[in-house]
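Scroll down for the structure; my scribbles are underneath it.
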Number of protein chains: 2
Amino acid sequence: MLWPATEVAAKIDLIGEGDCPSVSTLLVDGLVARYKVLENGSRQIVAVHVPGDFVDFNSFLIRPLDHGISTLTPCRISKVPHALLRDIGETHPHLMRVFTLMALIDGAISREWVVNLGRRDATKRAAHLFCEIYTLLEVVVCVSDHAFSFPVTQSDLADMMGLSQVHVNRTLQDLRQMQLIEWTGGPMTIPNWRAMVEFAGFDPTYLHLVNAPR
Amino acid sequence: MLWPATEVAAKIDLIGEGDCPSVSTLLVDGLVARYKVLENGSRQIVAVHVPGDFVDFNSFLIRPLDHGISTLTPCRISKVPHALLRDIGETHPHLMRVFTLMALIDGAISREWVVNLGRRDATKRAAHLFCEIYTLLEVVVCVSDHAFSFPVTQSDLADMMGLSQVHVNRTLQDLRQMQLIEWTGGPMTIPNWRAMVEFAGFDPTYLHLVNAPR
DNA sequence: CGGGATTTTGAATCAGTTCAAAATGCGTGG
DNA sequence: CCACGCATTTTGAACTGATTCAAAATCCCG
């Protein structure tokens, strides 16, 4: 069963904080961020979603939504009514377990973000984030040779990493100079994956992917 | 149906990283932490659990466990076999939804930790953490008048907040001087809850408690 | 070619770290 | 009850990673 995928322009709020939609959104193409904004106006991105992710599975069982959801790039999305999810849960109880699993993995990734923000310096923090995003993309999209489209601003990166935009810029320069990333204008490539993983201390176990990448 | 609660001494690893137990642990009394350790030896606590929490509900559906679990204080725990959880899920499908809900709330708390580490300075970070823990305790335990037993070392706090132990010490002094906490030897008290919430920017929505406290 | 967004650079400042030592608290055994 | 020893807290001072502010350079799109 398929829904027509909708095109969405870049940098659009898919769902605002406090909204209570009766559909969940499946990301078909593009990148979306879940974020929170503090009183002082600063923003923290709390999760990044890749194609195949349920972007607000939460809203199926939890209200109100305690964070905003916004696209990072142009996206294609597909709306799945909560009524359908409920039906699935009732007629195929074993699929309900899949929902639980999705929620658990979401939490596992979130916990690794806590580690990333709490205990890694800017350079390793960036490296780890790129490892995570690449690994997730590799599973879903046809990604060739550790290169992937990543049309995201340094401000957005700053909000993912809990850093200032200026420092993100300097951090990226460091990673470039260390030959761990190539990223100027086009897609990001990680020329030496082994070195990158080693440097970032990246262990993909927490992603709980079925086909663990090498 | 009840299990005998087991006594556990303070600062004991309940479950080590990589373990695959066939039971989940319900926390009856005390505080436990889930943590990750980096290559360089630094530790980050990724979640704190209060009585009533399933401490490793994860392990029911996800393996291997990607983090360690350790007590912060002496605890009483109760082991619930996975087989039983599976039975419940099969015979009472609607309870499976409760499991999903638990997992979602766990994730929501984790995301707030990301915000706390990413975008709040040391003082507000500590304040927010104390607000969270107090609010969770208030629901479960008989806690009187914004005072609660919190026998945790400053090192443990440092690992929750992604700070050095020394800076935690100075941060606590600040909070004491601002009259936001009283904490010397005995239980921690928050003499002016309104001021504390205001200062920390604490909004308990993300905890998704049924009986929202004032 | 022009204009807004984004990236890059510089310099001063600040929040938090590190290292080291002193002070305090606390349980145990004499 | 005191003395000892270990864990924890507190203090100081030097240092460093990241922030802030401001301006210049570059990019991209129409």
Side-chain angles (χ1 to χ4, degrees), chain A residues 9-12 31 33 38 40-44 70-74 116-129 149-178 181-188 199, chain B residues 9-12 31 33 38 40-44 70-74 116-129 149-178 181-188 199:
Chain A
K11 307 276 170 114
I12 292 292
L31 293 173
L38 303 197
N40 66 27
S42 64
R43 182 177 81 138
Q44 177 65 46
S70 151
T71 58
L72 290 168
T73 70
N116 211 26
L117 288 165
R119 289 294 185 214
R120 276 192 263 264
D121 65 25
T123 330
K124 300 205 181 224
R125 200 182 296 181
H128 196 278
L129 177 67
S149 162
F150 195 55
V152 156
T153 68
Q154 295 182 3
S155 282
D156 287 338
L157 278 180
D159 290 344
M160 295 178 206
M161 307 203 292
L163 296 171
S164 67
Q165 178 270 321
V166 170
H167 198 61
V168 165
N169 182 281
R170 288 169 179 142
T171 301
L172 291 174
Q173 291 180 46
D174 289 347
L175 287 175
R176 277 192 277 252
Q177 203 181 326
M178 289 190 256
I181 63 168
E182 285 159 24
W183 195 37
T184 40
M188 176 180 290
F199 175 75
Chain B
K11 306 279 173 109
I12 291 293
L31 293 172
L38 303 197
N40 66 27
S42 64
R43 182 177 82 138
Q44 177 65 45
S70 153
T71 58
L72 289 168
T73 70
N116 211 25
L117 289 165
R119 290 294 184 215
R120 275 192 263 264
D121 66 25
T123 329
K124 299 202 181 223
R125 200 182 296 180
H128 196 278
L129 177 68
S149 162
F150 195 55
V152 156
T153 68
Q154 296 182 2
S155 282
D156 287 337
L157 278 180
D159 289 344
M160 295 177 205
M161 308 204 290
L163 296 171
S164 68
Q165 177 270 320
V166 171
H167 199 62
V168 166
N169 182 281
R170 287 169 179 143
T171 301
L172 291 173
Q173 291 180 46
D174 290 348
L175 288 175
R176 277 193 277 252
Q177 204 181 325
M178 288 189 257
I181 63 169
E182 285 160 23
W183 194 38
T184 40
M188 176 180 290
F199 175 75

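The sequence lines fix the lettering, A, B, ..., with proteins before strands; numbering per chain opens at 1.
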Q | Sugar-phosphate or base contact per nucleotide [nucleotides 20-30 of chain D; S, B, -; heavy atom under 4.0 Å] | A | BB---------

Q. Looking at A:Ala126 and A:Leu175, what are the two nearest heavy atoms and their distance?
A. CB-CD1, 3.8 Å

(Q) Please report the distance, rounded to the nearest Å, between CG in B:Asp159 and P in D:dT8. (A) 12 Å

Q: Could you tell me the separation between the CG atom of B:Asn169 and the P atom of D:dA13, rounded to a whole number of Å?
A: 16 Å

Q.
Measure NZ/A:Lys124 against P/D:dG17 and give the value in whole Å, please.
A. 13 Å

Q. Rounded to whole angstroms, how far apart are CG on B:Asp174 and P on D:dT11?
A. 11 Å

Q.
To the nearest 0.5 Å, what is the distance between NZ on A:Lys124 and CG on B:Asn40?
A. 7.5 Å

Q: Nearest whole angstrom, please: distance from the C1' of D:dT19 to the CE of A:Met161.
A: 14 Å

Q | Any donor-acceptor N/O pair, A:Thr171 side chain to A:His167 backbone, under 3.5 Å | A | yes

Q.
Would you say B:Gln154 places a side-chain N or O within less than 4.0 Å of OP1 or OP2 belonging to D:dT10?
A. yes

Q: Return the 5'-most residue of the pair A:Arg119, A:Trp183 with respect to DNA chain C, ranking by each residue's nearest nucleotide.
A: A:Trp183

Q. Below 4.0 angstrom from OP1 or OP2 of D:dT10, is there any side-chain N or O of B:Arg176?
A. yes

Q: Ignoring the backbone of A:Thr153, work out which of C:dG16, D:dT11, C:dT6 is nearest its side chain.
A: C:dT6

Q) Rounded to whole angstroms, how far apart are CG on A:Leu163 and P on C:dT7? A) 15 Å

Q: Look up atom CG in B:Asn116 and atom CE in B:Met160, then write down how far apart they are to the nearest 0.5 Å.
A: 12.0 Å

Q: Please report, rounded to the nearest Å, how far the C1' atom of C:dA15 is from the CG atom of B:Leu117.
A: 15 Å

Q | Sugar-phosphate only, base, or nothing, as touched by A:Leu172 at under 4.0 Å among non-hydrogen atoms | A | nothing

Q: Establish, from distance only, whether the side-chain atoms of A:Gln173 and A:Asn169 form a donor-acceptor pair under 3.5 Å.
A: yes

Q) Are A:Asp156 and A:Arg43 close enough for a salt bridge, meaning some N to O gap below 4.0 Å? A) yes

Q: Taking all heavy atoms of A:Gly162 and all of A:Leu117, pick out the closest pair and write down the distance.
A: N-CD2, 3.8 Å

(Q) If you compare every side-chain N and O of A:Gln173 against the phosphate oxygens of C:dT7 (OP1, OP2), does one of them come in below 4.0 Å? (A) no

Q | Whole-Å gap separating P (C:dT6) and CZ (A:Phe150) | A | 15 Å

